Amino acid sequence: MERINWEESLRYIKKNWQLYVIFLLPAVALTLLFKYVPMGGVLIAFKDYSAFKGIWGSDWVGLKYFQRFIASPDFLRYLLNTLKLSLYGLLWGFPVPILLALILNRMRYEGIKRKIQLLIYLPNFISVIVLCGMVKILLSPVGPINLFFGTSNDFMSMPEAFRTIYIASGIWQGAGWGSILYTASLANSSQELIEAASMDGANIFQQIWHVDLPAIKNVIVIQFILQAGNIMSIGFEKAYALQTDMNIPASEILATYVYKMGLLNGDYGFSTAVGLFNSIINVVLLLVVNKIVSKLNEGQGI
């Protein structure tokens, strides 16, 4: 295998630096424009924002909106609703793609395997709004579910049913697509080890535990850290689309609250403060989870 001559490569880069600048400039410009420049908008959280005065001309109010939100009687309910949806979604949804990948990896009939993959990948391409419409039709008092059981329950009006509906529909839509990463990682697992374990009398569960899972352990750890770090980042569209007047006690989360306060009520400073509060919690959770997983995983994290 030919070794890379780093000194020669560096000399070539220094000689032709203009070429690299031309290639990198569009990516850097787009990143700055769409990722970093909008960060200046967080100043609205600390100002009595007026569209006529602009961000810089609006009066500074400090932590007024944060104090107002924390002192709100609904603060704890919105926070707990967000945490419950995320934690339960992580608890029930995270293992499903791994199980799907392990099952698909054990299939030996490629024709059947491809058909199953097509079926489980397909829901990912359904729009969230279309998915919510399908859920409402299925669970309506005259929908297929009630017809099958001979009942007339309005599940969408039950606060106690909202989390189950939200999480189950999310698993159905995203688990198949999420299994692709694990399926690709399992393709690199050692077939020799599997054959050796089989010859030594290991059953299929022992082979999965001692051969397949170690092959995807690093991917599982990284995915868990990323998902746990986004615990507070629940998609606004789905929660809002499944929300009804009757299930608001369970369906009102920080994302929908920010939307209503900002775009519907025009309270931009307060809604920005709530969104920033949400983002800060996300960053803290990401750092904490990464630290915990690093200690449990022999110092390996992100």
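Treat the numbers as computed from the prediction; the structure is a model and nothing was measured.
Within the 4.5 Å cutoff, the side chain of E252 has no heavy atoms near those of the D74 side chain. Residues K260 and Y240 meet the side-chain proximity criterion, which asks for heavy atoms closer than 4.5 Å. No side-chain heavy atom of I180 sits less than 4.5 Å from a side-chain heavy atom of Q117. At least one side-chain heavy atom of I281 sits under 4.5 Å from a side-chain heavy atom of L79. Side-chain atoms of L91 and L87, non-hydrogen and from C-beta on, never get closer than 4.5 Å to each other. Looking at heavy atoms from C-beta onward, P141 lies in side-chain contact with D154 at the 4.5 angstrom threshold. Residues M158 and F155 are in side-chain contact: their nearest non-hydrogen atoms beyond the backbone lie under 4.5 Å apart. Contact of the Q223 side chain with the Y182 side chain is registered, since non-hydrogen atoms from C-beta on lie closer than 4.5 Å.
Between R106 and D212 there is a salt bridge, with a side-chain nitrogen of the basic residue lying less than 4.0 Å from a carboxylate oxygen of the acidic one. Using a 4.0 Å cut-off between charged side-chain N and carboxylate O, D267 and R68 make a salt bridge.
Judged by distance alone, the side chain of N203 and the main-chain N or O of Q206 form a donor-acceptor pair under 3.5 Å. Of the possible polar contacts, one joining the K136 side chain to the A241 backbone as a donor-acceptor pair under 3.5 Å is found. In this structure, the side chain of T272 does not engage the main chain of I44 through any donor-acceptor pair within 3.5 Å.
The number of heavy-atom neighbours closer than 6.0 Å to OH of Y20, taken from other residues, nucleotides and ligands shown, is above 12. In this structure, F224 places its CZ atom where only 12 or fewer heavy-atom neighbours from other residues, nucleotides or ligands lie under 6.0 Å away. When the shell of 6.0 Å around CE of M107 is examined, it contains more than 12 heavy atoms from other residues, nucleotides or ligands. Heavy atoms from other residues, nucleotides or ligands lying under 6.0 Å from CH2 of W56 number 12 at most.
For F277 and F66, the ring centers sit 6.0 Å or farther from each other.
The side chain to side chain donor-acceptor pair (under 3.5 Å) contacts involving residues 168-177 comprise S169-K238, where partners must be two or more places apart or lie in separate chains.
Here the options are Y65, F69, F75, the test is side-chain contact (heavy atoms from CB on, under 4.5 Å), and the partner is V274; only F69 passes.
Contact record, W209 with L213: CE3-CD1, 3.6 Å, taken as the closest heavy-atom pair.
The aromatic rings of F236 and Y259 are tilted relative to each other, their planes meeting at an angle between 30° and 60°. The aromatic rings of Y49 and Y268 lie perpendicular to each other, with more than 60° between the two planes, well past the 30° mark.
N146 and S152 are not linked by any side-chain donor-acceptor pair at a separation below 3.5 angstrom, with hydrogens and angles left out of the test. No hydrogens or angles considered: a donor-acceptor pair under 3.5 Å links the side chains of N247 and S251.
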Under the side chain to side chain contact (heavy atoms under 4.5 Å, CB included) rule, what do N105 and T183 come out as? Steps first, then yes or no, please.
CA-CA 7 Å; N105 186 58; T183 303; 5.9 Å; no
